[in-house]
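Encoded as structure tokens, the structure appears first; notes follow it.
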Amino acid sequence: NKLKAEGLAQQAKWMMLRYQVNPHFLFNALNSIRALIGHDNEKARNIVTKMSEYFRYSLSIEKKTAVALKEEIDAVENYLEIQKVRYPERLKISKVIDPKVIDCIIPVFSIQTLIENAIKYGLKTHEGVIDININVENLNEKLKIQISNTGKLVVSKEKHSEGTNTGLENLKSRLRFLDKDFQFDLFEQENKVIASLLLSKCSKYEDIENNNS
């Protein structure tokens, strides 16, 4: 009974962390629509479509702690389409994803959290075009996810700041449920900010189920 209670408590904590992500995305998307209404209604409608696709994905994985990399990338692409409509002259996106890891399991909204971080602080710290690069590969049998953006590293000193720091701490908490040996680093190099996430292996759904049971 004690083990069962601990498991339920862990699940409740996970769900609390997971639901902290959606409102952040919704806030950004609604801001994009508001900025376009009355100026470019066609683009506004396009954003609504992308939002619909995104939240369909979000609802379909409501009780999942993890998804296949491909599912996460599809959701991220919808998010990026929304942001590119809002900042058409400021964002340049590129991605390189090893086909061998496309079925690896990652925490839901993990890459999106890093993308939101890259865009938010890239726009704040760089005046020109922001290069956003997504790279996912197999590194010595580990799954390496790296997101980089043009700009400067900003670290908030406020303990309860409502920005990307909160999002990153949320992500780290969620990662601990799935891979206690994960490694995460955020650093600045050659005028770029790089978020590097290393998972201990390319897990499959059966691995996640075994770890959570």
Side-chain angles (χ1 to χ4, degrees), residues 16-32 47 50-51 54 57-58 65-67 69 71-88 90-97 106-137 143-179 182-199:
M16 178 189 71
L17 290 167
R18 184 223 190 278
Y19 282 122
Q20 288 176 5
V21 180
N22 275 342
H24 188 77
F25 174 83
L26 179 60
F27 176 78
N28 287 338
L30 290 175
N31 268 347
S32 298
I47 291 183
K50 295 300 179 182
M51 281 184 64
Y54 174 83
Y57 159 81
S58 179
T65 58
V67 294
L69 175 65
E71 294 180 81
E72 176 80 0
I73 291 296
D74 287 344
V76 165
E77 288 179 345
N78 281 328
Y79 174 79
L80 288 172
E81 285 301 314
I82 292 172
Q83 296 294 53
K84 283 193 291 183
V85 168
R86 188 176 182 187
Y87 304 106
R90 305 251 358 237
L91 298 179
K92 180 180 178 182
I93 313 296
S94 65
K95 65 178 184 293
V96 178
I97 299 175
I106 62 174
V108 293
F109 303 123
S110 53
I111 294 180
Q112 183 182 311
T113 298
L114 300 180
I115 289 292
E116 288 184 3
N117 182 56
I119 293 177
K120 179 178 180 179
Y121 285 96
L123 291 170
K124 281 187 175 182
T125 62
H126 186 75
E127 294 183 357
V129 175
I130 311 300
D131 287 313
I132 306 290
N133 302 293
I134 305 171
N135 290 278
V136 187
E137 63 180 329
L143 182 64
K144 182 179 181 181
I145 300 171
Q146 193 170 81
I147 311 296
S148 67
N149 65 275
T150 313
K152 299 292 183 180
L153 181 61
V154 177
V155 179
S156 174
K157 295 181 180 180
E158 298 179 19
K159 185 176 180 181
H160 299 292
S161 62
E162 294 182 359
T164 302
N165 281 354
T166 300
L168 292 181
E169 289 305 314
N170 181 311
L171 173 59
K172 291 175 187 177
S173 295
R174 290 185 287 121
L175 281 164
R176 293 186 187 102
F177 281 97
L178 302 176
D179 186 350
F182 81 93
Q183 298 175 40
F184 178 79
D185 196 12
L186 183 66
F187 57 96
E188 184 179 334
Q189 185 179 73
E190 299 179 352
N191 298 319
K192 286 192 173 183
V193 176
I194 300 172
S196 181
L197 172 60
L198 190 65
L199 301 181

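All values derive from a computational prediction rather than experimental measurement.
In this structure K95 satisfies the salt bridge (charged side-chain N to carboxylate O under 4.0 Å, His left out) test together with E77, sequence neighbours excluded. Residues satisfying the side-chain hydrogen bond (donor to acceptor under 3.5 Å, both in side chains) test with N149, not counting sequence neighbours, are none. Applying the salt bridge (charged side-chain N to carboxylate O under 4.0 Å, His left out) rule to K84 yields the partners E81; only residues at least two apart in sequence or on another chain are considered. T150 pairs by the side-chain hydrogen bond (donor to acceptor under 3.5 Å, both in side chains) definition with nothing, not counting sequence neighbours. For N133, the side-chain hydrogen bond (donor to acceptor under 3.5 Å, both in side chains) partners two or more places apart in sequence, or in a different chain, are S94, S148. Remark: N135 pairs with no residue by the side-chain hydrogen bond (donor to acceptor under 3.5 Å, both in side chains) rule, at least two apart or across chains. Residues satisfying the salt bridge (charged side-chain N to carboxylate O under 4.0 Å, His left out) criterion with K124, sequence neighbours excluded, are absent altogether. Residues passing the salt bridge (charged side-chain N to carboxylate O under 4.0 Å, His left out) test with E137: none are found, sequence neighbours excluded.
When side chains are defined from C-beta on, R176 counts as touching F182, because their heavy atoms get closer than 4.5 Å.
With rounding to the nearest 0.5 Å, the separation of CZ in F184 from CG in L171 is 6.5 Å. Rounding to the nearest 0.5 angstrom, the gap separating the NZ atom in K50 from the CG atom in L80 is 10.5 Å. With rounding to the nearest 0.5 Å, the separation of CD1 in I119 from CG in L114 is 11.5 Å. Taking CG of N31 as the reference point, atom CD1 of I82 lies at 11.5 Å (rounded to 0.5 Å). Distance check, rounded to the nearest 0.5 Å: CD1 of I115 to CD1 of I134 gives 3.5 Å.
Side-chain N or O atoms of T125 include one that pairs as donor or acceptor with a backbone N or O of K152 at under 3.5 Å. Looking only at distances, a side-chain donor or acceptor of E72 sits under 3.5 Å from a matching main-chain atom of I111.
A side-chain N or O of Y79 and one of Q83 form a donor-acceptor pair less than 3.5 Å apart.
The side-chain contact (heavy atoms from CB on, under 4.5 Å) with I106 is formed by just one residue from the set V136, L175, I145, I73; it is I145.
When all heavy atoms of A118 and I132 are compared, the pair lying nearest together is CB-CD1, 3.9 Å.
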Show me the side-chain donor-acceptor pairs of residues 189-199 shorter than 3.5 Å, one per line, residues at least two apart or across chains.
none

